[in-house]
Structure formats: structure tokens, C-alpha cells
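Below is one structure, written out as C-alpha cells; the observations come after it.
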2 protein chains.
Amino acid sequence: MELDVRKRIILKAIIRNYLETGEPVGSRTISKYTDLNLSSATIRNEMADLEEMGYILQPHTSAGRIPSDKGYRFYVDTMMEEKEREADEMKELLLQRQDKMENLLKQVVKVLAQNTQYATMISAPNTRRNKLKFIQLSKVDAAHILAVIVSEGNVIKNSLLDVQQELSEETVLKLNILLNTHLNGLSIEDINLAMIADMKQQAGIHSDIVGEVIDAVAEAIKADEDLEIYTSGTNNIFRYPELADQQRASELINTFEEKQQLTGLVQETLLEENGTGIQVYIGNETPVQSMKDCSVVTATYELGEGMKGTIGIIGPKRMDYDKVVRTLRNLQNQLDVLYREEDK
Amino acid sequence: MELDVRKRIILKAIIRNYLETGEPVGSRTISKYTDLNLSSATIRNEMADLEEMGYILQPHTSAGRIPSDKGYRFYVDTMMEEKEREADEMKELLLQRQDKMENLLKQVVKVLAQNTQYATMISAPNTRRNKLKFIQLSKVDAAHILAVIVSEGNVIKNSLLDVQQELSEETVLKLNILLNTHLNGLSIEDINLAMIADMKQQAGIHSDIVGEVIDAVAEAIKADEDLEIYTSGTNNIFRYPELADQQRASELINTFEEKQQLTGLVQETLLEENGTGIQVYIGNETPVQSMKDCSVVTATYELGEGMKGTIGIIGPKRMDYDKVVRTLRNLQNQLDVLYREEDK
DNA sequence: TATTAGCACTCATCCAAAAGGAGTGCTAAC
DNA sequence: GTTAGCACTCCTTTTGGATGAGTGCTAATA
């Protein structure tokens, strides 16, 4: 059996209605809701077909129908195609310029959660391919050296190093010059062992410090790559009864608190690049187990070349996909603009 | 009427039992539970008295009794006294040394939440009275200067400053010296306007930068004082039916997400210093509105003189006060030890 | 052949009444 | 002062209609 035009119209009507109400929708409703001028009985026949084909299902024998994951998938796919053509007149999200990356990200998730009424997450941009801009060692006290590492996009990391014996100010200065001349402009992938050996040799008796700094650089650039995830609007899940029962709510909240559970989502999204960078995961499609009763919409954002991060919106399956996708696209643009300004 | 010995025993038995079960406790239970060898009827008489005195209450006419806030208060106060004498044989919480304050705090709340099965929070140590150890300005690129501010306890803050016109390396060096000679060893309260004016004058045409740096220092040391709060174990509230209904859960989770709602708790705790630094807020006693159905146990911790922070444990009123207080005391010690090691 | 009216049937939900049970307060006896 | 006994309260659970939304099927209709 195939999905003819009329079946499509009916399926869409069912889904639209369910997105609004969250209640199973019956044949009579559709009969009135659409302008097909068909009786409820005819609709019932079509619905039986749609159910057989797996697009909708009945919670129990004498209830209306709700969309299945397959149904949502159909809806999202065709909706996306149609909307692609439309102009995007979405109003701006109120983003203020932030000097620190962390604050920017926190602000983004928060604004996004407020705008969509869903739970949101954002991962800090992937800095692996990011280039080192600047290293600064400073003597803090007799036993500690502070390494400040700035990479492109003005991402700043600190690391406090223990030193065995006190270094003179001149030594610190020399090390600074040594490190900067060798490392500036390189990404973490560019730094190889030969280079490190070379630097260590030049550092002479202070070669151990060089080693520590290199480690710190690696650490700073890479380490919490998967931990820097911010979330907001967690308690929005209570707006949707289908997610608000204790079992589910508890699991979801746990996932949002233990942020490393969200890394799966980030990785998945960065891998599966399609044109727009926006992806929709419905129910079991999501890579995070605890979200199998949710839908997840993700977007990759880019701050200059190589600095990619992931934004995610998590809500019930009857999410307003349309609005969410538009909002995310809008956000992508704004972040892009923000970056260019930053750079000017 | 006074609280004679027998009434105390009965009251404690009621509370103990309620802490375990979370159900109203009846006279027959107490009659068996205690070794007073009294019949349920006698217990009933005593319970009637206790209710009249306000220590316990009946959810409805034919139910058992549950402790009132006043009852909990009595229990906590006397329990504390008794336990004060006991040796503390609590097992160590598994804290690993962390180089960054942020990581340490995150670890502490997490371990604490896992150990107690309640929701936990910690505020970063108050840095207001903290002394400036070291300031480092570095030229990042033509338009940006990076200010790194290190204060006692090796708390590091960064701030990226825009500059109108490019500064030479020498100028940056001069400014560094100027700032460090003037400001090192001072706390934020020590920095006055005269001093700032003096520095600005010495900086000549670069006085605006000095102003910006001072602002950054103030900002860095003070600003997110009330924002640096970490939480963990939020979803533990679902373990306790009396907190797990949607209304309450949603509010609590929101409070934990919007961390500035927790500042009230931090301030309150730092003010009301008693001997041990441990405080118990029962029900309405808590300064945070959304926790009026919870009990909150807070502890101040200290990392060296002046660096005080607050730890909080939030759970149902029938919290295991005994264990919580012991755990917190234990943690206070461990943090103290950790700090001394750090400092060595 | 596609559509529709009509009808029997299912099943969640609501409501009231009944049953059960835990626990109390009171009284009278010990 | 303590306790056994009993009537009483009130929550909780169960039960059994009644209601209503919605379906599937069949037979009539265009």
C-alpha cells in the first residue's frame, strides 16, 4: 500500500492536532478539522490503513490515534522540505555580547530554553583543531608557575604548575619566549614529539618545566572538551505530562546533571553532517538512552573555521518541530554574526 | 505542662520511626517499639499531650502522628548535644586532590550527594577579604589585552580587555610593574580611590587601561561571588515521595538550576555563625522559599583565613540529621587538611 | 467502486457507595 | 497511674454502574 495524497493530508492533520493537544485524536475531529469533506467513517477506514502502515497507533482499543515514531519522522521530513522555501521572519533572540565564552554559552542555552519552553544544552566549541594564539608563564610564588594559554577565538585556560626549585624572573621570561616562538599559530595536532624534544633541549636544565607546560597545553585544549556542556530549562519537562512522571523525570534530570551523558549527542551530531547542520532525532533514534521518549533537535554552530559546537533542544515527541528548527537556524546565524564582530 | 523524661522518649521514638518510614506513626507502634512497657492507651494519652504542646501533629483525625517543625527542632537540638560527645568514626569521603578550585568544589558536592542521597550545593569560597597575589597583563593581539588575576589560595581569574589603540610590549611591561607594585597583597577593601588616582596619573596616557584593569580586578574578585555555586544530586528528591510531586519537584529543580536563588542560603549561613559552623533549618526556617517543605543543613568550610564557603544539604524534613551532620563535620575536617597540604 | 449512515462494541474515566483498616478518644475497671 | 475495651472517625481501596469518546464492521447509497 502506498501513501497517497489523501492519506498524507489525514496523517498531517492527525499529527498537527496531536502536537497541539497531546491527546489521541479521533476520526470525527479529523473529519471536521480538514476541508476534505469526508465523513468520519471514511476517515476511519483511512486511519486503519495508516495504522497498518505503521504511521499512527492506538494507545488502547477504543481510543483515537497518536503518531508513531515513523509518523513523526514523515512529518518532520516533509515539513522541513516545505519550510526550506519560506522566508525566515523569526524575531531575534536577545543575545548580548559576552567577553567570556563560558558566559556566552550559558546565555545562549538560557535564552533558548526561555524561547522554546523545552530543555536545552550546548557544548563548548571543539578546540582540537584550534590554533594556539599565545602562551604566558608567570611566576606566582616560589613554588608555583601560572601558565595562561590563549587560543583562537580568545578561549582562555589556566594551569597552575608546581615547580621543584624557584625560577628567576629572567628564566620565566626566557621560557616564555621559547614557548611562544615555537608554538604560536599551531594546533594541538601540529605539535609533534620532535618539536618538543627540540624545545626541551633549548630549555636546558628547565626542560622539565617545558614538559609540564606542553602537558598543560594539551590538557587545557583538549581535556574537558567533553565536559564543557551547559544546560538550561531542565524543569520545562514538567510542562509535558508524558515526560513528567517520576521515573522519566528523574532519569532525564540525572542526564542533564551528569553532563557527560550528553556527549553522545554531541559526537553523533558532529558526525552526521547534513547541509544545514540541523538534525532531528525522534524517540529511539536519539543516541542517549534516557531520552527515548523524547525528541531531540540538534544544531551545529560554528565560530570561525574549525570551532564547532553543538546545541540541543530536548522535548516531548510532540515538539513544535517547526518553531524549534526555525529558532535554531536563527541562532546559528546570530552566532555567526557575533563571531565576525568579535573578530573585527 | 513540661516535657518530662517519658514524653521525651516517646517523642524521640515517634520521630525516629517517622524518619525511617515516612508514614504517620500510631500509638501501638510506639508501645512495641520502645522498651517502656506501656500499653498503647497510655501512649495515646502522652501523645495527646505532646500534640497539645505542639511537638507532633495529626495529618487527619484518625491517623497516627508526625513530627511538627517544633518536634524536629527539639530532636535536632538534643541529638546534636548527645552526639557532640561521641567519637567520630565516620569513614572518609573519597576526596582526591584537585588543582583547580572549580573541580574540587564539583567533586565535593558530588561525593556528598552520593554519600547522603540528598541534594547538595556548595558555594565557592568568599574572596572578598582575599588578598591579591599577582596581576599579569599580556598582549594577546592588537586589540586585546589579557588580564590574569591571581589571589590568595591560588584562585585565578581572567579578563579580556579591548584596547582602542595598540600598546607596545614595553608599555604592557610597565603597566604590569605599576599594577603589581601598587596592588599586590591588598584585598579589595584596601583599594581606595586615592590609590587608583595615583596609579592613573603614573600611567599617563594609558590611564584608561589602568581603570579598566581595576574594574576587571573588582569584577574578577567580587562579581560572581554569588554565582559560583555548584549543585549535585538534584534528582535525589525523587527518592522522597513528600517532595516528588510535580509542583514541588519542579520548583526545587528550578531553584537548583537558577543558582542565584541559593545565595540567600549562603548569606544566611555565613552570618549566623555558631561554634561548629553547622546549622539546621527545618521547614519554614529556611531562607529559600521553595524549600519550605524541606530541611536544609548547612556548614561553613574554611580554606585558610578569610576564605569561607558554604555547603548545603537539602532533603525532606525527615532527613537523617544525625548522619548528615556527621558527614558535614567530617568534610569540614578533610577540607581543612586538604588546604594545609596545598599550602605546604 | 468509493462513500457513508448506522449500530454494536470496547475501554478509559468519573462517580458514588461499600468495605476494610488503622488509629484515636473516652470510659470504666484494675 | 495504667490499661482493656469499644465506639467512632476518616483515609484508602474496591466495586459497580453510568457516561462518552471512539472504533470496526456491515449494509445501503451515489
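Remember, predicted model here, so these are calculated numbers, not experimental data. Numbers restart at 1 for each chain; the letters A, B, ... are given by sequence-line order, proteins then strands.
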Distances for protein N or O near nucleotides 2-10 of chain C N or O, under 3.5 Å:
| from | atom 1 | to | atom 2 | distance (Å) |
| --- | --- | --- | --- | --- |
| dT3(C) | OP1 | R6(A) | NH1 | 2.7 |
| dT3(C) | OP2 | R6(A) | NH1 | 3.4 |
| dT3(C) | OP2 | R6(A) | NH2 | 3.1 |
| dT4(C) | OP2 | S39(A) | N | 3.0 |
| dT4(C) | OP2 | T42(A) | OG1 | 2.8 |
| dG6(C) | O6 | R44(A) | NH2 | 3.2 |
| dT10(C) | O2 | S62(A) | OG | 2.7 |

Whole angstrom is fine here: how far is it from [atom1] in [X] over to [atom2] in [N]?
| X | N | atom1 | atom2 | result |
| --- | --- | --- | --- | --- |
| E52(A) | dG24(D) | CD | P | 11 Å |
| I43(A) | dA21(D) | CD1 | C1' | 17 Å |
| Y18(A) | dG22(D) | OH | P | 14 Å |
| N17(A) | dG22(D) | CG | P | 10 Å |
| I10(B) | dG1(D) | CD1 | C1' | 13 Å |
| L50(A) | dG24(D) | CG | C1' | 16 Å |
| E51(B) | dT24(C) | CD | P | 10 Å |
| L57(A) | dT23(D) | CG | P | 13 Å |

DNA chain C: 5'-proximal contact among R65(B) and A63(A) (nearest heavy atom): A63(A)
Q279(A) side chain to T269(A) side chain, donor-acceptor N/O pair below 3.5 angstrom: no
Exercise: do S290(A) and T255(A) side chains pair donor with acceptor under 3.5 Å: yes
Contact check, side chains of L265(B) and V296(B), non-hydrogen atoms, under 4.5 Å: yes
Lys NZ or Arg CZ of K70(A) over Y55(A) ring: under 6.0 Å, within 45°: yes
Strand contacts (DNA chain D) in residues 21-30 of chain A, 4.0 angstrom heavy-atom criterion: G26(A), S27(A)
Listed nucleotide nearest any side-chain atom of M47(B), set dT24(C), dC11(C), dG24(D): dT24(C)
Contacts of type side chain to side chain contact (heavy atoms under 4.5 Å, CB included), residue N236(B), not counting sequence neighbours: A113(B), Q117(B), R239(B)
Results of side chain to side chain contact (heavy atoms under 4.5 Å, CB included) for R6(B) - residues two or more places apart only: D4(B), I10(B), L36(B), L38(B), T42(B), E46(B)
For Y240(B), all residues meeting ring pair (Phe, Tyr, Trp, His ring centres under 6.0 Å), sequence neighbours excluded: Y118(B)
All side-chain hydrogen bond (donor to acceptor under 3.5 Å, both in side chains) counterparts of E268(A), not counting sequence neighbours: none
Carboxylate-amine/guanidinium proximity below 4.0 Å for D77(A) and R73(A): yes
